[in-house]
Amino acid sequence: IDSGRLVREVKAHRSSVFAVAFAHDGSFFVTGGKDKRVKVWSTSTGKQLHSFDAAGTVLSVDVSCSGLIAACGDRLVRVWNPNVPSSKSTAKPATPGVLYDQRILGIAFDVDGVWSGDALGRVRVWDVERGEERRTFTSDGPISRFAQCNGLFASADEKGAVVVRECTRGDLIWGVDGLGRVDFIALDQEGRLTVVADAHVHVHDRSGERVRSRPIADFFRGYRLASLDGRYLVYPTSNGHTILDLETGAARQVMPQLAG
């Protein structure tokens, strides 16, 4: 982030990549996309460590504190334990998968289990070991984006409404609507929420107050990443990637646009 230097580039998938997530210790990262594969890569070497079948286009991946990997492929949520390899160097699923009646659009790990958001606006929490549903919360519209961090989870629906809830009981903390099409949300370690909507980035503090709002130049739809401290946003542009400092507004072009 500080230098913008390209550290690692991998030809991850045969077609579009829709999801990327790093392990908490930074030792590996996970990718998923249109080819229905979830792949695990060494951060230091770029070597592929595992590849597994998600049984559908992968829209979201996440890594737990213990290293479990979750992915949603169409209506199926699956969790793998990369420390239990099979004979074909493909990680063995930790659960047989949870099949829902609607497409799953986002997932996130928490100490309580895996959270998922679907096309009917339902947010569900399920037990990783048993694959049993624990709690369900509802939204006014299909869940298009999803984020979780430090006891909070946030969801955005297709009507441009974003809500933040407390994880344990699901109590509503704050919400905002009228943002337009939401392309990305992320919670940082302090409970601040970053929202990208209609070529603008907005930052809300833990109480819901908007503390920052900036336009995004040369906006290009695609995957994006936010730093854990909530300061930086990395997003694709028409001819590369940009790192935006959300505190100062300074932006710099880095690394070529990755193919696929």
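All values below were derived from every heavy atom in this structure, side-chain atoms included, with hydrogens, water molecules and symmetry-related copies excluded. Everything quoted here is computed from the prediction, not taken from an experiment.
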_Main-chain N/O of Val196 paired with Arg145 side-chain donor or acceptor, under 3.5 Å_ = no
_Using the salt bridge (charged side-chain N to carboxylate O under 4.0 Å, His left out) criterion, which residues pair with Asp171? Sequence neighbours excluded._
Arg169
*Taking atom NZ of Lys39 and atom OG of Ser51, what is their separation to the nearest 0.5 Å?*
5.0 Å
*Which atom names give the shortest non-hydrogen contact between Ala55 and Leu76, and what distance separates them?*
CB-CD2, 3.9 Å
*Please name all residues satisfying side chain to side chain contact (heavy atoms under 4.5 Å, CB included) with Asp177, sequence neighbours left out, ordered by chain then number.*
Ala161
*Residues that Ala108 engages under side chain to side chain contact (heavy atoms under 4.5 Å, CB included), provided they are two or more places apart*: Asp62, Phe146, Gln148
*Step by step, work out the side chain to side chain donor-acceptor pair (under 3.5 Å) result for Arg122 and Thr136.*
CA-CA 7 Å; Arg122 295 171 299 190; Thr136 300; over 6 Å; no
_Single-linkage hydrophobic cluster Val195~Val163, side-chain heavy atoms < 4.5 angstrom_ = no
*Taking all non-hydrogen atoms of both residues into account, name the closest pair between Ala154 and Ile185 and its distance.*
O-CD1, 3.6 Å
_Among residues at least two apart in sequence or on other chains, which ones pass side-chain hydrogen bond (donor to acceptor under 3.5 Å, both in side chains) with Ser60?_
none
_Is the shortest side-chain heavy-atom distance between Phe137 and Leu172 below 4.5 Å?_
no
*Exercise: identify the closest heavy-atom pair between Cys72 and Ile107*: N-CD1, 3.7 Å
*Can you list the steps and then say if Phe184 with Val201 is a side-chain contact (heavy atoms from CB on, under 4.5 Å)?*
CA-CA 9 Å; Phe184 174 82; Val201 56; over 6 Å; no
*asked:* So Trp80 and Val40, do their side chains get closer than 4.5 Å, heavy atoms only?
replied: no
_Ring centre gap for Trp174 and His204 strictly below 6.0 Å_ = yes
_Asp245: partners by salt bridge (charged side-chain N to carboxylate O under 4.0 Å, His left out), with sequence neighbours left out_ = Arg231
*Roughly how far, to the nearest 0.5 Å, is the NZ atom of Lys36 from the OG1 atom of Thr57?*
6.0 Å
*Considering only heavy atoms from C-beta outward, does the side chain of Ser27 approach that of Thr43 to under 4.5 Å?*
no
*Listed partners of Glu166 passing side-chain hydrogen bond (donor to acceptor under 3.5 Å, both in side chains), at least two apart*: Thr168
*About how many Å separate CZ of Phe153 and CG of Leu187, when rounded to the nearest 0.5 Å?*
10.0 Å
*Taking atom types as modelled, find out whether Trp41 and Thr31 have a side-chain donor-acceptor pair closer than 3.5 angstrom.*
yes
*Should the pair His50 and Phe52 be assigned to parallel (<30°), tilted (30 to 60°) or perpendicular (>60°) ring geometry?*
tilted
*Heavy-atom side-chain contact between Val58 and Arg37 under 4.5 Å*: no
*Would a distance-only check, ignoring hydrogens and angles, find a side-chain to backbone donor-acceptor pair under 3.5 Å from Arg14 to Lys34?*
no
*asked:* Below 30° counts as parallel, above 60° as perpendicular, anything between as tilted: where do the rings of Phe29 and Phe22 land?
replied: tilted
*Within a strict 4.5 Å, meaning less than it, do heavy atoms of the Glu133 and Val125 side chains meet?*
no
_Heavy-atom closest pair, residues Ala186 and Ala147_ = CA-CB, 4.0 Å
*Enter the distance from Ser66:OG to His24:NE2 here, rounded to the nearest 0.5 Å.*
8.5 Å
*Kindly compute the distance separating CG (Leu152) from CD (Gln189), expressed to the nearest 0.5 Å.*
12.5 Å
*Between atom CG of Leu179 and atom NE2 of His200, what is the distance when rounded to the nearest 0.5 Å?*
11.5 Å
_Pairwise side-chain contact, Arg135 with Trp115, heavy-atom cut-off 4.5 Å (strictly under)_ = yes
